[in-house]
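Comments concern the structure below.
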Amino acid sequence: MKKSIIVAAVAATGLTAGIANAQTLSQIQERGELNCGVSTGLAGFSAPDANGVWQGFDVDKCRAVAAAILDDPMAVNFVPTTGQTRFSALASGEVDMLARNTTWTFTRDIDLNLTFVGTNYYDGQGFMVPREIGVSSGMELDGATVCIQTGTTTELNLADFFRANGMSYEPVPIETNAEAQQQYLAGACDVYTTDVSGLAATRASFADPGEHVILPEVISKEPLGLVVRDGDKQWEGIVRWTLMALIAAEELGVTSANVAELAEGTDSPEINRLLGAEGDFGAMLGLDSEWAVRAIAAAGNYGEIFAANIGEQTPIGLARGLNAQWTQGGLMYAPPFR
């Protein structure tokens with residue numbers, strides 16, 4: 001689907017959703033569950049487990065928001081979306097927010113009338129190839145067939161990379177990560193390209209992950225964000241500051257294990273404001289004073305969520321890198337709660 005068609009579809013559905021936009025919180029509370037748009041299945045980030053319960057790094061952000069507003073982290077209806085359908089699902093009101101691998105770009109923020117409330121994961125596009133073909137660099141991919149998801153920033157990045165380096169390629173369009181895995185393993189393409197985190201998650205699901213290599217080149221910046229519709233400042237604030245609460249909690253040493261105790265009051269004014277012992281931050285969002293306590297208790301702070309789902313001790317095996325706290329050389333940084 002061409003960008004002009006996507007924009008037209010989003011604009012049309014946006015007109016019908018405009019009035020509803022300003023009352024997202026009350027609609028969710030009346031409905032009794034949060035409709036959260038996720039991927040169609042990406043191990044470690046968002047995928048149903050053997051019992052059909054959605055799990056993952058992105059899933060836990062949805063659960064944190066549900067805990068903050070509904071006092072129930074399980075009160076989430078997870079809606080799988082593809083690169084093609086995610087924005088129309090949000091604009092039409094089918095979902096209340098997106099928590100999936102969605103890159104924050106100028107045109108998506110401005111042209112599609114969406115709001116990226118913050119960066120959930122700093123990523124970049126890379127390449128994965130079978131070890132047996134003997135390729136060790138993206139500069140050796142001239143003439144390769146490349147599996148690539150449609151409706152994503154990876155299409156433009158791929159074209160830019162090959163053009164800038166005087167190389168050619170043949171795209172093999174796919175819509176979902178599951179289709180990408182199938183085509184790649186079947187040999188329909190020499191290379192699979194997507195965000196490096198997505199490549200790591202995909203490789204971890206293979207029967208023999210060691211037979212596949214993620215090449216060293218990272219060819220783009222991909223700040224993956226949580227997204228809401230324009231037009232509802234209250235809802236925008238709730239989703240943004242729930243994410244920031246998880247990031248700030250890690251920096252301040254607030255965890256799922258100690259949050260209840262710390263909520264009773266500490267010697268740290270910042271922790272007290274975060275957890276509702278001081279100030280009226282919950283009221284400013286239209287929530288009670290313990291909204292952040294519930295969000296953190298749901299699955300832990302940002303670091304706990306990262307470690308449990310995609311960290312170095314998981315099959316995904318991702319290092320914190322740019323997603324470390326700013327105090328540890330990374331980019332994760334929450335504005336002050338004051």
Side-chain angles (χ1 to χ4, degrees), residues 1-3 5-6 37-48 50 56 58 80-89 100-103 121 123-220 222 224 310 315-318:
M1 185 181 291
K2 294 186 180 297
K3 176 178 179 291
I5 299 175
I6 296 174
V38 291
S39 73
T40 54
L42 185 61
F45 285 87
S46 54
D58 294 330
T81 62
T82 68
Q84 296 279 22
T85 65
R86 54 188 162 176
F87 299 127
S88 57
R100 65 184 309 286
N101 46 325
T102 298
T103 302
Y121 188 94
D123 212 338
Q125 184 174 334
F127 303 106
M128 180 168 65
V129 298
R131 186 178 296 278
E132 65 182 9
I133 71 173
V135 170
S136 60
S137 168
M139 300 303 296
E140 302 173 40
L141 297 178
D142 191 18
T145 54
V146 184
C147 282
I148 183 167
Q149 285 184 274
T150 55
T152 66
T153 57
T154 57
E155 290 180 290
L156 291 176
N157 295 336
L158 184 67
D160 288 348
F161 175 78
F162 274 81
R163 183 171 61 248
N165 290 289
M167 301 189 298
S168 64
Y169 68 97
E170 181 182 343
V172 178
I174 47 92
E175 279 201 43
T176 68
N177 189 61
E179 183 184 355
Q181 292 183 38
Q182 182 181 41
Q183 296 281 20
Y184 172 78
L185 291 175
C189 55
D190 306 310
V191 186
Y192 179 33
T193 184
T194 189
D195 301 335
V196 173
S197 66
L199 295 177
T202 299
R203 182 174 64 175
S205 69
F206 292 165
D208 193 351
E211 290 304 307
H212 304 270
V213 179
I214 297 175
L215 301 180
E217 287 83 4
V218 177
I219 67 171
S220 69
E222 306 293 330
L224 308 182
I310 58 175
I316 312 302
L318 293 172

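All figures in this text were calculated on a predicted structure; none of them were measured in a lab.
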I'd like to check [X] versus [Y] (side-chain heavy atoms, cut-off strictly below 4.5 Å). Are they in contact?
X      : Y      : result
Phe45  : Leu224 : no
Ile219 : Asp160 : no
Leu215 : Val129 : yes
Val191 : Thr145 : no
Val38  : Thr81  : no
Val135 : Leu141 : yes

Nearest 0.5 angstrom please: [X] [atom1] to [Y] [atom2], how far?
X      : Y      : atom1 : atom2 : result
Leu158 : Tyr169 : CG    : OH    : 4.0 Å
Leu199 : Ile214 : CG    : CD1   : 5.0 Å
Glu217 : Phe127 : CD    : CZ    : 7.5 Å
Leu42  : Ser205 : CG    : OG    : 8.5 Å
Gln149 : Thr176 : CD    : OG1   : 7.0 Å
Asp190 : Ile133 : CG    : CD1   : 6.0 Å

Legend entry - Tyr184 and Tyr192 aromatic ring geometry - parallel, tilted or perpendicular at 30°/60° bounds: tilted

When you measure from the side chain of [X] to the backbone of [Y], do you find a donor-acceptor pair of N or O atoms at a distance under 3.5 Å?
X      : Y      : value
Arg100 : Asp58  : no
Arg86  : Gly83  : yes
Glu179 : Glu175 : yes
Thr193 : Gly126 : yes
Thr150 : Pro173 : no

Inset, instruction - Let me see the working for Ser39 and Ser46 under side chain to side chain donor-acceptor pair (under 3.5 Å), right down to the final yes or no. - result: CA-CA 6 Å; Ser39 73; Ser46 54; 2.6 Å; yes

Legend entry - Derivation of the side chain to side chain donor-acceptor pair (under 3.5 Å) call for Asn101 and Ser197: CA-CA 9 Å; Asn101 46 325; Ser197 66; over 6 Å; no

Inset, instruction - Would you mind listing every salt bridge (Lys or Arg N to Asp or Glu O under 4.0 Å) that reaches into residues 123-142, with sequence neighbours excluded? - result: none

Legend entry - Summary of ring-ring contact (aromatic ring centres under 6.0 Å, His included) pairs that have at least one residue in residues 137-158, sequence neighbours excluded: none

Inset, instruction - With Glu222 as reference, evaluate Thr102, Thr153, Thr154 under the side chain to side chain donor-acceptor pair (under 3.5 Å) test and give the passing residue. - result: Thr153

Inset, instruction - Sort out for me which residue in Thr152, Asp195, Asn157 forms a side chain to side chain donor-acceptor pair (under 3.5 Å) with Gln125. - result: Asn157

Legend entry - Residues Thr85 and Ser88: side-chain donor-acceptor under 3.5 angstrom: no

